[in-house]
Novice: 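Questions regarding the structure given below will be posed in turn.
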Protein chains: 2
Amino acid sequence: MGLSSTGYVILGFLGRRPMSGYEIKSLVDKSTRFFWTASYGQIYPELRRLAEAGLIEGEARPQGGRRRTVYRLTAAGHRELRDWLADDPHVLELRDEALLKLFFADSAGHQGAAEILAAKRERHLEEVETLKAIEPKARALPARFPHVVVRYGIECHQWAADWCERVASELAGGEEEAERRSA
Amino acid sequence: MGLSSTGYVILGFLGRRPMSGYEIKSLVDKSTRFFWTASYGQIYPELRRLAEAGLIEGEARPQGGRRRTVYRLTAAGHRELRDWLADDPHVLELRDEALLKLFFADSAGHQGAAEILAAKRERHLEEVETLKAIEPKARALPARFPHVVVRYGIECHQWAADWCERVASELAGGEEEAERRSA
DNA sequence: GCATGCATGTAAGGAGTTACATGATTCA
DNA sequence: TGAATCATGTAACTCCTTACATGCATGC
C-alpha cells in the first residue's frame, strides 16, 4: 500500500480506540516522540489520505460549538495495521550531534573531548528523567507494550550515560600518562 | 554562522586533511553514516556555500584528464570548526521503526510481538557485525576518536540486541503463565 | 572492451518542521 | 477577563534522498 510512516502511527493509535487528530498529536508528543515524531502538518493531511484510501472513517463529533472529527479504523485499516506490524521493520536511524562531535574530537583537544562527553552524558540523563516521569502512566495503561518501550528508553539512555562516564575516565587516565611523558 | 549540519561534517573531515567532495562522501559512508548521513545532493552545494563564506578554499587538482577539486580549511574555517565543537550538541534523534511496532504490539498478538523483538535483535546484531568489520581500520587511524565512536556503536547495538533477547524471554515466561490460566 | 571506481554535479520530489490563522471552551 | 487547552488546518520552508547525467582512469 505504501503509506507514509506517519500513516502507520495514526493506524497504530486508532487501533486502540477512535480519536481525533488533535488527540493523536498529543499522544505522539507524550509517547512515540522519543523514537518517532509527527507534526500537525503531517497528521491532518494524512488523516484525509487514509480516509480516501478507505483505511479509516471520520465522524463529526462536535464538543459544544467546537467542531471535532473522531476517526476509527475500518476493516481494511485493521488489516493494513496487522500487515505492517507483521512486516520486518526497516527504518533504524540515529542522528546524534554529540557523537559527530566526538568523532571529530581530535580537533578539539582533550579538554574539548571531555566536555563533549560530559554534555552527551548530561543529555542522556535528562532523557532518563523525562522517561521516568512518564513511566508510571505507561504502566497504568491497559496496553502492555507502551510500558515495555518506555523501559527500553530509560535503560538505553542510562546505558549511554554510563558509557560516557566510563570513556571519560579512561580518557582522563590516558591524559595523565601523556602529561607525565611530555613533562 | 548557522551552517547546515552537513556543513560541519565537511569542516570536520577537512580538519584532518584537504580532500575532494567525493572523498568526503566515501568517508561519510564508511564512518559517520551510523549516526550522521550526507548525500552528494547536500555535499557539493554545501562545498560551494562554505567556499563562498570563506570557510574553505578549493584548488583544482586534476588526476590526468579527470577534473578534481581538493578543499582545505581556511583560518576562519578552523575557527568555525573549533567553535562548533565547543558548543553544546543539540540534535539527538532516533527513528526506530521496530520500536514503533513494539509500541503498538498489543495489536499484534504475542506471536507478533515476539517476531518484532526477534527482528529488532537481528538488525542490531547485523550492525554489530558491520561495525566490527570497520573497527580495525578505525583503530589504525592516526586520529583517536573515530575508534572511540566505533566502539560506542558496537557496544550500543550489542546492548540493544541483548535487551531484545531479555525482554523476549520475559514475555515468553509471562505467556506460558497466561496460557495456563486460560487453559 | 567492460566493469569498477573516481569525480562532479543537478532536478525532482518526498518528508517533515515551523509559523501562522482561526475559533470555541474551560477554568482561575 | 485572560490564559490555557481543545481543535483543525495551510503555506512556506528546509532538509535530504534518489535518480540521473556526464566523463575519465584503471585493471582485468
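Remember, predicted model here, so these are calculated numbers, not experimental data.
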Novice: A/R95 CZ to D/dC15 P: how many Å, rounded?
Specialist: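 The answer, rounded to whole Å, is 10 Å.
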
Novice: Could you pull out all residues at least two apart from B/Y40 that satisfy ring pair (Phe, Tyr, Trp, His ring centres under 6.0 Å)?
Specialist: B/Y44

Novice: Any carboxylate oxygen within less than 4.0 angstrom of a Lys/Arg side-chain nitrogen, looking at B/E59 and B/R68?
Specialist: no

Novice: Using distance alone, with no hydrogens and no angle criterion, decide if B/H124 and B/Q158 have a side-chain donor and acceptor under 3.5 Å apart.
Specialist: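 Short answer, no.
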
Novice: Have a look at the helix from C/dG1-D/dC28 to C/dA28-D/dT1 and give the angle its two end axes make, five pairs each, rounded to 10 degrees.
Specialist: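 Axis-to-axis angle, ends of the helix: 30°.
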
Novice: Quick one: how far along DNA chain C does chain A reach, first to last nucleotide 5' to 3', anything under 4.0 Å to a heavy atom?
Specialist: C/dG16 to C/dT25

Novice: Roughly how many Å is it from CD in A/E46 to C1' in D/dT8, rounded to a whole number?
Specialist: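 Rounded to the whole Å, the gap is 16 Å.
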
Novice: Closest nucleotide of DNA chain C for B/P45 versus for A/S5: which of these residues is on the 5' side?
Specialist: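 Going by which nucleotide is closer to the 5' end, it is B/P45.
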
Novice: What integer distance in Å separates A/E93:CD from D/dC15:P?
Specialist: 17 Å

Novice: Quick one: list whatever passes salt bridge (Lys or Arg N to Asp or Glu O under 4.0 Å) with B/E115, sequence neighbours left out.
Specialist: none

Novice: Is there any protein nitrogen or oxygen under 3.5 Å from a nitrogen or oxygen in nucleotides 4-7 of chain D, and what are the pairs?
Specialist:
{"from": "D/dC6", "atom 1": "OP2", "to": "A/Y22", "atom 2": "OH", "distance (Å)": "3.0"}
{"from": "D/dC6", "atom 1": "O3'", "to": "A/R66", "atom 2": "NH1", "distance (Å)": "3.2"}
{"from": "D/dC6", "atom 1": "O2", "to": "A/R66", "atom 2": "NE", "distance (Å)": "3.2"}
{"from": "D/dA7", "atom 1": "OP1", "to": "A/R68", "atom 2": "NE", "distance (Å)": "2.8"}

Novice: Hydrogens and angles aside, do B/S5 and A/R95 bring a side-chain donor and acceptor to less than 3.5 Å of each other?
Specialist: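 Yes - a donor-acceptor pair under 3.5 Å links their side chains.
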
Novice: Apply ring pair (Phe, Tyr, Trp, His ring centres under 6.0 Å) to A/W36 and list each qualifying residue two or more places apart in sequence or on a separate chain.
Specialist: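 If we apply the ring pair (Phe, Tyr, Trp, His ring centres under 6.0 Å) test to A/W36, skipping adjacent residues, there are no hits.
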
Novice: Would you mind checking if A/E46 and A/R49 are paired as a salt bridge, meaning a charged N to carboxylate O distance below 4.0 Å?
Specialist: yes

Novice: Are B/D83 and B/R79 close enough for a salt bridge, meaning some N to O gap below 4.0 Å?
Specialist: no

Novice: With a 3.5 Å cut-off and no angle check, do the side chains of A/E97 and B/Y8 form a donor-acceptor pair?
Specialist: no

Novice: Between P on D/dT8 and CD1 on A/I10, what's the gap in Å once rounded to a whole number?
Specialist: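 It works out to 12 Å between those atoms.
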
Novice: Under 4.0 Å between a Lys/Arg side-chain N and an Asp/Glu carboxylate O for B/E127 and B/K132?
Specialist: no

Novice: Expressed in angstrom and rounded to an integer, what is the separation of B/R49 atom CZ from D/dT14 atom P?
Specialist: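 Going from CZ in B/R49 over to P in D/dT14 covers 10 Å.
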
Novice: Mapping A/G65 and B/L47 onto DNA chain C by nearest heavy atom, which one lands closer to the 5' end?
Specialist: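 Nearest-nucleotide comparison on DNA chain C picks B/L47.
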
Novice: If you compare all heavy atoms of A/A143 against all heavy atoms of A/R16, which two are closest, and at what distance to 0.1 Å?
Specialist: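 That closest heavy-atom pairing would be CB-NE, 4.1 Å.
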
Novice: Using atom CG of B/L3 as one end and atom P of D/dT14 as the other, report the distance to the nearest whole Å.
Specialist: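 Result: 15 Å.
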
Novice: Would you kindly give the CZ-to-P distance between B/R61 and D/dA25, to the nearest whole Å?
Specialist: 18 Å

